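The shown structure was predicted, so the numbers you read here are calculated from the model rather than taken from an experiment. Side-chain atoms are counted along with the backbone in the values below, which use heavy atoms only and exclude waters and symmetry mates.
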Amino acid sequence: MELELAADADAAALIVRLKPLVASRDGRPRSHAIKIVWHDSPEHALLADGLTLAEQGGARRLERVNPGVETWLPAQPPPVLSDAPDPAELPSPLAPLAAFEGRRSVSVHHLAESAVTLTIDRGTLRAVTAERLAARIGLSGEEQAVRAAATLIAGAVPAAVPGFSLAAEAIAMATGAAPQPRHLGAPVLPEAARTVPEALAHILGHLTDVVLAHAPRVLAPRGGGEDGGVHNAIHQMRVAVRRARSAVSIFRPALAAGALDAVNDGLKTLGGRLGPARDWDVFADETVPEIQEAIPGDERLVRLAAAASRQRTMHRKQLAAYLASPAFRQLGIDLAWFTAAQGWRAAPPAEAAPAADAASEPLAEPLADPSADPSAEPLAEVSGEPRTEPMSLEQFADTVLQQRWKKLVSTGKRIEELDIPALHGVRLRAKRVRYAAEMFATLHDGKAAKRFIERLSDLQERLGVLNDGAVASHLLLELGGPGGRHGYACGLITGFMAARARRIRPRIVKTFQRFRRQHAYWT
């Protein structure tokens, strides 16, 4: 397998001197000059399609700068559309847009009882009006050896999965525009993903890209509102982690036992860091201002708002420290390695079907710590007769949707009589169904799937009002609760949230009934 990491030029220079790599090296490193020039038309016609024409050593290749509809997994080389593109099919005229010039060092090492080739490109990215140093670290070899090498390097120097290709960074310098994120939002399965493992690799790869795209905004806020876009970046990262953990829950029964454990543990850790920061963002930026608007000029609310802002700042600093740590770099590597690896993709036929929820799971889940990630389901045992062959992706998706939809409808029976904890159970079920529907939407009729997801989103939004109240109550305890220095303001907020919850109950019932009446489009 191949894996690419990014580091600054100074850090990359230290890699070849790491003692474990020196001790495991087979012979001396080989070094030679390298120059890559990326071409486009004056109107950037290739870039408009996410492409570039790369020239190296007299050879030209048409390659991707940004992912198209097909899968381009994180930390993988850019997909090459043509090694010898027909000039007649390219825009004209073409001119150099940006370049990378430096040296390439290649060495072979023996790690994890196998050989791995280490390639380090160090040099300068150049455009007409700018230049800067850059480096890329390439690893190729047997999967476990590549993982061992990546872990060793990332633990010693700040090397990480790149958020953009080298070409994308160079072209961004030339155009003056920020590189386009590889992926954003919910994953969409391409037509090329026709098996269950291919679908999982694409989904986790897409969501890894989303997490890595937003992490720099938390570390170095820039533009996008008063807080430099940090609020939205934290929100998008948390949603991506929840979608990824939901994917783990969905696909776990189709893989060998334990195949997803390390991935899930890493995502759970990241979710635990994002949760408090996101909860305090909502409380400080949405909940408290809404109440202040209803009760203007109350100094006690002003003081509580200031205290909430301090708590939010503290949790953001803790999150930023984690995102700058070797642990987060390692998580990115683990996710990128997993999506590209092949060893986990062969599953025993008996485990090829998605599992129903564990029989011991309560109908309505109790309200958990709001900092925990509520999207992940408990491990479920595979039920039913063993299959003689794996399910197709369509069969797998339909079974997942049917099981989750039935659980949601069952949990919401007599919804008008359910108490708050039981309604939280409905919300979690709705979230699980929606994430599954989004993942598999392209396998079914587009309009029906879109309508289904929209109605689920409406239900989640209304149930989310109740969850906001529960989270607010938890956060108020951190500020001293009703008996603390902000007791009066805490009482105002608690009463306000209780009144809002009461008003939303009839809308929840109506929205759920509307959702339940629609056709299960996958049947």
Side-chain angles (χ1 to χ4, degrees), residues 1-36 56-57 73-78 99-126 131-170 173 179 208 212 215-216 219 266 322-341:
M1 75 178 302
E2 294 181 273
L3 203 70
E4 182 182 68
L5 303 178
D8 63 44
D10 291 338
L14 298 175
I15 293 174
V16 294
R17 297 200 290 270
L18 294 177
K19 289 184 179 180
L21 289 179
V22 173
S24 65
R25 192 172 63 209
D26 185 0
R28 293 179 61 83
R30 303 185 307 277
S31 177
H32 62 271
I34 178 176
K35 183 177 182 179
I36 306 172
Q56 183 177 354
L73 297 174
Q76 293 300 293
F100 173 79
E101 191 168 3
R103 294 199 67 81
R104 171 171 290 175
S105 170
V106 182
S107 55
V108 177
H109 305 261
H110 290 276
L111 299 169
E113 301 181 352
S114 185
V116 58
T117 300
L118 169 64
T119 303
I120 301 176
D121 293 342
R122 294 179 64 241
T124 304
L125 286 174
R126 288 194 174 93
E131 66 175 44
R132 67 174 178 83
L133 296 175
R136 284 292 191 275
I137 302 103
L139 298 166
S140 62
E142 190 274 331
E143 290 177 1
Q144 294 302 328
V146 166
R147 185 175 192 174
T151 298
L152 190 158
I153 291 169
V157 301
V161 174
F164 315 100
S165 67
L166 194 62
E169 292 189 19
M173 284 178 51
T208 298
L212 296 179
L219 291 168
Y322 173 73
L323 297 181
S325 71
F328 180 70
R329 296 198 297 271
Q330 184 63 51
L331 173 60
I333 291 170
D334 288 344
L335 290 169
W337 178 88
F338 179 85
T339 59

Colleague: Using 0.5 Å steps for rounding, measure from the CD atom of Gln330 to the CH2 atom of Trp337.
Modeller: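 One gets 11.0 Å once the value is rounded to the nearest 0.5 Å.
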
Colleague: Apply side chain to side chain contact (heavy atoms under 4.5 Å, CB included) to Leu133 and Asp8, showing your working.
Modeller: CA-CA 7 Å; Leu133 296 175; Asp8 63 44; over 6 Å; no

Colleague: I'd like to check the salt bridge (Lys or Arg N to Asp or Glu O under 4.0 Å) partners of Glu2; sequence neighbours left out, ordered by chain and number.
Modeller: none

Colleague: Going by the side-chain hydrogen bond (donor to acceptor under 3.5 Å, both in side chains) test, name the single residue among Arg103, Arg136, Arg104 that passes it with Asp121.
Modeller: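 The side-chain hydrogen bond (donor to acceptor under 3.5 Å, both in side chains) with Asp121 is passed solely by Arg104 among Arg103, Arg136, Arg104.
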
Colleague: Is the side chain of Thr151 donor-acceptor paired with the backbone N or O of Ala148 at a distance under 3.5 Å, no angle test?
Modeller: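 Pair absent, no side-chain N/O of Thr151 close to backbone of Ala148.
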
Colleague: Let's go through Phe328 and Leu212 carefully: what are the C-alpha distance in whole Å and the side-chain angles of both, what is the deciding distance for side chain to side chain contact (heavy atoms under 4.5 Å, CB included) to 0.1 Å, and is it a yes or a no?
Modeller: CA-CA 10 Å; Phe328 180 70; Leu212 296 179; 4.1 Å; yes

Colleague: Decide yes or no on side chain to side chain contact (heavy atoms under 4.5 Å, CB included) for Glu169 and Arg132, but give the supporting numbers first.
Modeller: CA-CA 10 Å; Glu169 292 189 19; Arg132 67 174 178 83; 2.4 Å; yes

Colleague: What is the minimum heavy-atom distance between Thr124 and Glu131, and which atoms define it?
Modeller: CG2-CB, 3.9 Å

Colleague: Looking at Gly123 and Phe100, what are the two nearest heavy atoms and their distance?
Modeller: N-CZ, 3.5 Å

Colleague: State, with a plain yes or no, whether a side-chain heavy atom of Glu4 is found less than 4.5 Å away from one of Leu139.
Modeller: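 SC-SC contact between Glu4 and Leu139 ruled out.
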
Colleague: State, with a plain yes or no, whether a side-chain heavy atom of Leu118 is found less than 4.5 Å away from one of Ile15.
Modeller: yes

Colleague: Which pair of non-hydrogen atoms, one from Leu125 and one from Ala170, has the smallest distance, and what is that distance?
Modeller: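 The answer is CD2-CB, 3.7 Å.
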
Colleague: If you look at every heavy atom in Arg329 and Ala324, which pair is closest and at what distance?
Modeller: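 Looking at all heavy atoms of both residues, the shortest contact is NH1-O, 3.5 Å.
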
Colleague: State, to 0.1 Å, how close His109 and Leu21 come at their nearest heavy-atom pair, and which atoms those are.
Modeller: ND1-O, 2.8 Å

Colleague: Could you go step by step and tell me if Tyr322 and Leu331 meet the side chain to side chain contact (heavy atoms under 4.5 Å, CB included) rule?
Modeller: CA-CA 11 Å; Tyr322 173 73; Leu331 173 60; 4.1 Å; yes

Colleague: Does Arg122 use its side chain to pair, donor to acceptor, with the backbone of Ala9 at less than 3.5 Å?
Modeller: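 Checked: pair present.
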
Colleague: Apply side chain to side chain contact (heavy atoms under 4.5 Å, CB included) to Ala159 and list each qualifying residue two or more places apart in sequence or on a separate chain.
Modeller: Leu5, Ala7, Ile137, Ile153, Val157

Colleague: If I take atom CD from residue Glu142 and atom CE from residue Met1, how far apart are they, to the nearest 0.5 angstrom?
Modeller: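 It is 9.5 Å, given to the nearest 0.5 Å.
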
Colleague: Do Thr339 and Pro74 come within less than 4.5 Å of each other through their side chains, counting heavy atoms only?
Modeller: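 Thr339 vs Pro74: side chains touch.
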
Colleague: State the CZ-OG distance between Arg28 and Ser107, to the nearest 0.5 angstrom.
Modeller: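 Arg28 CZ to Ser107 OG: 11.5 Å, rounded to 0.5 Å.
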
Colleague: If I compare all heavy atoms of Ala215 with all of Leu323, which pair ends up nearest, and what's the gap?
Modeller: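 Distance-wise, the nearest heavy atoms are O-CD1, 4.1 Å.
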
Colleague: The criterion is salt bridge (Lys or Arg N to Asp or Glu O under 4.0 Å); which residues satisfy it with Glu143, sequence neighbours excluded?
Modeller: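 For Glu143 there are no salt bridge (Lys or Arg N to Asp or Glu O under 4.0 Å) partners, ignoring immediate neighbours.
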
